[in-house]
Protein chains: 2
Amino acid sequence: MTTGHVFIATSLDGFVARPDHRLDWLLKRDSTGEDHGYDRFIAGMDGLVMGRTSFEKVLSFDPWPYSLPVTVMSRSLDQASIPEPLRDSVQLSRQTPEDLMHSLGERGCRRVYVDGGLLVQSFLRAGLIAEMTVTLIPVLIGEGRRLFGPTDRDIDLELVDTRRFASGMVQIHYRVAA
Amino acid sequence: MTTGHVFIATSLDGFVARPDHRLDWLLKRDSTGEDHGYDRFIAGMDGLVMGRTSFEKVLSFDPWPYSLPVTVMSRSLDQASIPEPLRDSVQLSRQTPEDLMHSLGERGCRRVYVDGGLLVQSFLRAGLIAEMTVTLIPVLIGEGRRLFGPTDRDIDLELVDTRRFASGMVQIHYRVAA
């Protein structure tokens, strides 16, 4: 079965971005040269799934930062929204999370990096997340885009590991109970 | 100066209680006999401040669990709301957080345990919290009473310590930057 994996940073009060999607509160604390394990995480993934908002954010970066095949889940984007040089590595999907994971599995994609607050929420609700590495940034920003949202049940987590960094970041690795 | 100190448990998604104030998700994970340091924390405090909701919850416990002098911040309760046996150790206050801390200071109360989500939020906004020990419970409950709320600025935190427990709880001790 194809499993979803989360590697994400959040303010202590649970936000992944400000209301206008800005990440200044995160980026200014992420410039210490600390190795938070992102490269090692990515090396264990076969693909990446993100939403439209994340895609549009990442498009503003130059160069395109991913070597993994990327799926953008969006009902509003079409093929023309994808810049020509990315058309081999980025695909659009209007499937449900369940159907998308099934399709990815058929293409040999076993471990999928699920990125972005809303996508993490919908994949958690669908029971498609196997593990989460959450890095808590030592700041309260008060409002913004939340990492977690409503669930239809309690979702139990198993603690795998914790790491603390000189920057004050605390990284917690959970397995999501089946 | 009198300082506020927080020692509180929250689900990973940031809730201190369910919408109806139930703590079942917490209590069922807190029965492992682990020492989370609560007694040591309490031993360093001179007083306790809570809101009406917490007070009414604690009144349902028998016996009354606190030896510290308790201040209940409430605009709706009056002296008759306090059971006779508690009238020496529980006082009501309609002051602002700033004024209350000033009054407590005049009575020699230097370190005050601030309990309950709404109170933590208002004391944080007023710059009255010096440190927070947050214990993350390994569960997502999806909705409830939040630990943190809106702020009028970013509130920087300094990591002091982390502890992990066999139960999967992760305790993080922060100093609140001045």
Side-chain angles (χ1 to χ4, degrees), chain A residues 6 8 10-15 18-19 22 24-26 28-29 117 120-121 123-125 127 129 131-144 146-177, chain B residues 6 8 10-15 18-19 22 24-26 28-29 117 120-121 123-125 127 129 131-144 146-177:
Chain A
V6 172
I8 204 160
T10 164
S11 63
L12 181 66
D13 48 354
F15 300 108
R18 294 202 196 267
R22 272 187 306 135
D24 59 297
W25 55 276
L26 169 63
K28 80 175 190 188
R29 292 175 176 82
V120 169
Q121 293 175 27
F123 278 66
L124 272 171
R125 276 193 294 271
I129 300 295
E131 54 169 358
M132 296 195 290
T133 299
V134 178
T135 303
L136 298 174
I137 311 303
V139 65
L140 304 174
I141 64 172
E143 58 171 359
R146 292 198 180 277
L147 171 52
F148 297 114
T151 58
D152 55 3
R153 64 191 186 288
D154 289 356
I155 298 177
D156 279 308
L157 307 170
E158 295 165 17
L159 180 63
V160 177
D161 198 15
T162 64
R163 293 173 69 194
R164 56 179 286 186
F165 297 93
S167 59
M169 297 186 193
V170 176
Q171 191 174 75
I172 314 182
H173 181 181
Y174 292 104
R175 232 182 329 260
V176 181
Chain B
V6 173
I8 205 160
T10 165
S11 62
L12 181 66
D13 48 354
F15 300 107
R18 294 202 196 266
R22 273 186 306 135
D24 58 297
W25 55 276
L26 169 63
K28 80 174 190 185
R29 291 176 178 80
V120 169
Q121 293 175 27
F123 278 66
L124 272 170
R125 275 194 295 268
I129 300 294
E131 54 169 357
M132 296 194 289
T133 298
V134 178
T135 303
L136 298 174
I137 311 301
V139 65
L140 303 174
I141 65 172
E143 58 171 358
R146 290 198 181 277
L147 171 52
F148 297 114
T151 58
D152 55 3
R153 63 192 186 286
D154 289 356
I155 298 177
D156 278 309
L157 307 171
E158 294 165 17
L159 181 64
V160 178
D161 198 14
T162 63
R163 293 172 69 194
R164 55 178 287 185
F165 297 93
S167 59
M169 296 186 193
V170 176
Q171 191 174 75
I172 314 182
H173 181 181
Y174 293 104
R175 233 183 327 262
V176 181

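Numbers restart at 1 for each chain; the letters A, B, ... are given by sequence-line order, proteins then strands.
Neither the backbone nor the side chain of B/R163 has a heavy atom closer than 4.5 Å to any heavy atom of chain A. For A/V160, the part lying under 4.5 angstrom from a heavy atom of chain B is the backbone only. Contact annotation for A/R153: only backbone heavy atoms (N, CA, C, O) come within less than 4.5 Å of a heavy atom of chain B. For A/R18, the part lying under 4.5 angstrom from a heavy atom of chain B is the side chain only. Using a 4.5 Å cut-off between heavy atoms, A/D161 touches chain B through backbone and side chain atoms alike. For B/L147, no part sits under 4.5 Å from any heavy atom of chain A, backbone or side chain. Proximity to chain B (any heavy atom under 4.5 Å) is restricted, for A/I172, to the side chain, taken from C-beta onward.
Listed here is the closest heavy atom pair of B/T151 and A/L140: OG1-O, 4.4 Å. Pairing each heavy atom of A/F165 with each of B/L159, the nearest pair is O-CD2, 4.3 Å.
When each of B/E158, B/E143, B/R146 is checked for heavy-atom pairs under 4.5 Å with chain A, B/R146 comes out on top. Listed options A/R164, A/R125, A/R29 were ranked by heavy-atom pairs under 4.5 angstrom with chain B; first place goes to A/R164. Across B/D154, B/I141, B/I137, the residue that shares the most heavy-atom pairs under 4.5 angstrom with chain A is B/D154.
Here the CD1-OG distance, from B/I155 to A/S11, works out to 11.0 Å after rounding to the nearest 0.5 Å. Here CD of B/Q121 is found 9.5 Å from CG of A/D13. Values are rounded to the nearest 0.5 Å.
B/L136 has its side chain within reach of A/Y174: a pair of non-hydrogen atoms, C-beta onward, lies under 4.5 Å apart.
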